[in-house]
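Below is one structure, written out as structure tokens, with a few remarks after it.
Chain naming here is simple, since letters A, B, ... match the order of the sequence lines and numbering starts at 1 in each.
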Protein chains: 2
Amino acid sequence: MPISRRERPAKPALTREGIVDTALRLMDEGGLQRVTMRRLALALDTGPASLYVYVANTAELHAAILDRLLGQVDLAQAADEGGWRERLHTVLVSYTRLLFAHPGLAQSALVTRPAGPHYLTLVETLLALLDEGGVPAPQAAWGVDILLQSATASAAEHSSRVEDTRSDEEWRRLNRALAEASAETYPRIHAQAADLVSGTPEERTRWAIDMLVNGILATPRTR
Amino acid sequence: MPISRRERPAKPALTREGIVDTALRLMDEGGLQRVTMRRLALALDTGPASLYVYVANTAELHAAILDRLLGQVDLAQAADEGGWRERLHTVLVSYTRLLFAHPGLAQSALVTRPAGPHYLTLVETLLALLDEGGVPAPQAAWGVDILLQSATASAAEHSSRVEDTRSDEEWRRLNRALAEASAETYPRIHAQAADLVSGTPEERTRWAIDMLVNGILATPRTR
DNA sequence: ACCTGAACACCGTTCAAGT
DNA sequence: ACCTGAACACCGTTCAAGT
């Protein structure tokens with residue numbers, strides 16, 4: 001049996017793309033908290049300092065991962081996907097699902113928004129849908145911001161509970177605090193405790209999108 | 001000159017309250033990133049392990065700090081503060097300002113909500129105001145959630161730019177990406193670039209609250 | 001220009017042992 | 001019950017030196 005010329009495959013050259021690829025793989029395997037500069041470097045068979053040639057810092061790395069991921073958002077471009085409102089739902093639900101599936105990334109997206117091509121495409125698509133719905137441009141522009149922010153924040157909130165047990169305990173603690181709120185001090189919380197925590201994430205997301213669209217439609221920017 | 005019985009003041013006994021107090025002081029001096037378990041312990045003249053008798057982990061500590069801070073929210077209880085809508089503005093703007101002034105805390109609030117008395121009071125107040133505005137209880141319950149989430153997310157986003165220079169660069173990068181978006185690939189972003197980033201944080205917050213209230217009013221929970 | 005070894009300056013959390 | 005020294009298992013980022 002001939003011995004291959006090189007026992008190990010050649011170490012592939014570092015590129016920004018390759019770094020983001022490996023980061024995505026690490027994240028799929030164990031969540032964003034496993035994607036550290038040091039571990040990423042280890043997976044790429046180099047030292048952490050080498051990564052800084054291609055990536056400015058951890059925040060930028062996270063933004064790059066997210067932008068790559070945003071390529072998977074369903075932009076509802078098919079002709080038979082219904083009216084603008086329904087297609088808006090499709091896009092935003094798809095975006096939300098993506099972030100729900102990748103715990104931790106949503107949180108970093110709130111602080112450092114991706115500025116890559118996929119993010120721009122998403123914004124462009126939402127602007128087009130609101131325009132189709134007759135929303136005046138100024139309030140559409142601010143509206144898109146809040147639509148994305150709301151979806152991102154929901155995912156950040158939820159995802160943390162999936163990712164580690166500790167946050168799940170916090171969640172239970174808040175629920176208990178709501179359920180056990182004294183009827184004298186907090187009469188409305190006491191009366192509406194069930195409403196406050198009702199619904200699946202899907203139901204709440206759907207209502208939130210409807211509500212936001214209604215609000216955007218009804219609120220001109222010049223008072 | 002008589003030598004005092006003890007040269008140094010007696011080391012005060014550790015309590016949860018005292019720990020949160022000191023944490024708040026550290027945060028005022030240098031932002032949340034300066035409030036680490038180790039530094040906090042140092043400020044309290046003890047070792048980090050001692051804190052774990054009173055605080056389960058860092059997330060819980062942050063939530064406790066925020067709940068303490070929420071005691072300062074203007075609940076618009078004065079008789080002459082106008083109608084429900086205006087008072088809702090007062091409460092939410094006050095909440096937003098608080099988080100803007102304490103960079104970093106907003107971010108942690110999105111993941112671990114405080115479950116203390118001040119947070120419950122805030123929720124109770126918002127429920128009362130929406131009730132006064134004739135909003136049906138089920139959609140008020142979900143609405144309060146989004147009102148707080150939106151204010152918190154805005155603060156998280158903004159505050160990071162204040163806190164460190166790096167995020168400010170990210171912000172500029174996104175703005176440039178929007179401003180320079182190609183008219184062919186992103187026609188609407190190109191046309192609406194100015195709108196997308198226009199307005200002061202105050203103006204955007206005000207519009208967002210109006211928009212959310214309009215949406216909540218217009219969106220029943222049973223479709 | 002690209003890459004890296006080594007260092008700097010830190011983290012959160014646990015746990016056995018003390019009082 | 002409360003407290004702690006010491007350890008465990010990590011971090012991000014920088015920089016001088018190499019190729």
Query raised in the report: Looking at side-chain heavy atoms only, is the closest gap between Leu130(A) and Gln139(A) below 4.5 Å?
Result: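 A side-chain contact is absent here, since even the closest heavy-atom pair is not under 4.5 Å.
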
Closest non-hydrogen atom pair, [X] against [Y]:
X	Y	answer
Leu127(A)	Gln192(B)	CD2-NE2, 3.7 Å
Leu66(B)	Ala109(B)	CD2-CB, 3.3 Å
Arg221(B)	Ser198(A)	NH2-OG, 2.8 Å
Phe100(B)	Pro201(B)	CE2-CB, 4.1 Å
Val91(B)	Ala76(B)	CG2-CB, 4.0 Å
Ile189(B)	Glu124(A)	N-OE1, 2.9 Å

Requested in this report: Classify the side-chain pair Thr152(A)/Arg113(A) by whether it contains a donor and acceptor separated by less than 3.5 Å.
Outcome: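 Result is no, nothing qualifies.
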
Query raised in the report: Just how far is it from atom CG of Leu51(A) to atom OG1 of Thr46(A), taken to the nearest 0.5 Å?
Result: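 Rounded to the nearest 0.5 Å, the CG-OG1 separation comes out at 6.5 Å.
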
Listed nucleotide nearest any side-chain atom of [X], set [options]:
X	options	result
Val53(B)	dT13(C), dC2(D), dT4(C)	dC2(D)
Ala49(B)	dC2(D), dT14(C), dT13(C)	dT14(C)
Leu14(B)	dT4(D), dT4(C), dG12(D)	dT4(D)

Report task. For Thr58(A), report the nucleic acid contact type (base, sugar-phosphate, nothing); a contact means any heavy atom under 4.0 Å. Result ->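 If one applies the 4.0 Å heavy-atom cut-off, Thr58(A) turns out to touch the sugar-phosphate alone, with no base involved.
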
**Report entry** Interatomic distance at P, dA9(D) relative to dA9(C), whole Å
**Finding:**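 Approximately 24 Å lies between the P atom of dA9(D) and that of dA9(C).
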
Integer-rounded Å distance: [N] [atom2] and [X] [atom1]:
X	N	atom1	atom2	answer
Leu44(A)	dC2(C)	CG	C1'	15 Å
Tyr52(A)	dT4(C)	OH	C1'	14 Å
Glu60(A)	dG12(D)	CD	P	15 Å
Leu51(A)	dC2(C)	CG	P	15 Å

Query raised in the report: What pattern of brackets, bars and dots sums up DNA chain C from 5' to 3', given Watson-Crick or G-U wobble pairs under 3.5 Å, [ ] for crossing pairs and | for another strand?
Result: ||.|||||...|||||.||

Would you tabulate the nitrogen or oxygen pairs shorter than 3.5 Å linking the protein to nucleotides 9-11 of chain C?
from	atom 1	to	atom 2	distance (Å)
dC11(C)	OP1	Thr36(B)	OG1	3.2
dC11(C)	OP1	Arg39(B)	NE	3.1
dC11(C)	OP1	Arg39(B)	NH2	3.0

